Amino acid sequence: MSRTYRIGVIAGDGVGPEVVREGLKVLRATSRAFGFRCELVEYPWSSQHYLDTGELMPETAIEEYRSLDALYLGALGDPRVERGLIERSVLLNIRLTLDLYINLRPIVLYGEHLTPLKAVSPADVDMIVVRENTEDAYAGVGGILKSGTPHEVAIAEMVYTRHGVERTVRYAFELARSRAKQRKVTLVDKSNAIKAQEIWRRTFSEVAAEYPEIQTDAIYVDAAAMYLVSDPGRFDVVVTTNLFGDILTDLGAVIQGGVGSAASGNIRPGAVSMFEPIHGSAPDIAGQNIASPVGAIAAIAMMLDHLGEDEAAHLIEATIRELVSSRRLPSLDARSGLSTKQVGDLVANEVGNAAMKSADAPGVSYQDGL
Ligand code: IPM
Ligand code: MG
């Protein structure tokens, strides 16, 4: 019997549905080639759905997700809806409630011509950011008092628990151990100005002592931003707080070829996890068939890797790399000269050609989840 994965799909807002369509196209080509099945359960949570029905993602949906093998998300956010409402109701809620405590974000340069940096080659940009994904300023501790008055008070606490920090740091060291590269973990924090972040330094040194074969480094986030541009080759595995990880990985995405190019996994090892491109909903280019689906396709590769389909994941990555180096894919970001759909077709066809084993292998079947 062939392996079957049940994947929840939240296409979301803006360019989300466009890029998700292409990601699923590549998933379908890959599943045919590797002989596994995917059953898609589609969820409507988006700003449009909220505007049409007044419905936000219900808590019952979270329970349903626990029975899936993975979640695949497009993008969220729409200027017509209260700022952050949908992002908090869907994305941050899922991260927190399913305790997806790692946000894994690879930054890899596939071709020198893709980066806006000077004198940087692919050998210099091959890192992976391990962003803590449930705590920090994202924990939701705080609020606004006396809103709109001259005495208004706005508080957002940066929350770090020993448990939360340690499991993230440990994940980073395990990841470094599994990588063929430099085997170095760099902690990024701001413990000189933010005393509470001393917990990261202490936990980092304690965990590091268990991994004597792995080099360590600890730098402040302002310096990290500088080095990402001036000396990206110093980074291998980077471990950092939720907020700093958010900021640095947009910079990382641009360094590797554009914000449309990067993927991320919201991971809880051994449990249902969620995969998404790191870009936002980009309402300015939504519906124009010009957004890059590369980040969304790379997110499919990360999802397959998490599901144990590593060969399929590697094939997607290798295909993107090959299309870039042969310049058949001229750029990884929007306005590459190819439409969203053309990029999806190109990657899906290449994957299919490279790996097609039998014409009658099972493909993706759709199931309406609602
Ligand atoms: C990301 C996004 C989210 C975040 C937003 C949409 C809340 O920027 O996944 O990086 O800040 O985590
Ligand atoms: Mg972000």
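Here the structure is a predicted model, which is why all the values come from computation and not from measurement. Start at 1 and go down the list; that is how both ligands and their atoms are numbered.
- Remark: aromatic rings of F204 and F173 are close, center separation under 6.0 Å.
- E63 has a carboxylate O that lies under 4.0 Å from a charged side-chain N of R66, or vice versa, which qualifies the two as a salt bridge.
- Here is the list of ligand 1 atoms found below 4.0 Å of a heavy atom in R95: 1 (C), 4 (C), 9 (O), 12 (O).
- Scanning all protein heavy atoms for the shortest distance to atom 1 (C) of ligand 1 gives R105 NH2, 3.3 Å.
- Separation of the Y171 and Y101 ring centroids does not fall under the 6.0 Å cut-off.
- Residue E87 has no N or O atom closer than 3.5 Å to an N or O atom of ligand 1.
- Under the 4.0 angstrom criterion for non-hydrogen atoms, H279 is not in contact with ligand 1.
- With hydrogens left out, the protein atom closest to atom 3 (C) of ligand 1 is L91 CD2, 3.9 Å, a heavy atom.
- Nearest-heavy-atom check against atom 10 (O) of ligand 1 across N266, D250, D246, L243 picks out D246.
- No more than 12 heavy atoms of other residues, nucleotides or ligands sit less than 6.0 Å from atom CZ of R83.
- Aromatic ring centres of Y72 and F275: separated by at least 6.0 Å.
- For atom 4 (C) of ligand 1, the closest non-hydrogen atom on the protein side is Y138 OH, 3.5 Å.
- Of all the N, O or S atoms in D246, the one closest to the Mg ion (ligand 2) is OD1.
- When each of T168, N242, D136 is checked for a side-chain hydrogen bond (donor to acceptor under 3.5 Å, both in side chains) with R131, only N242 meets the rule.
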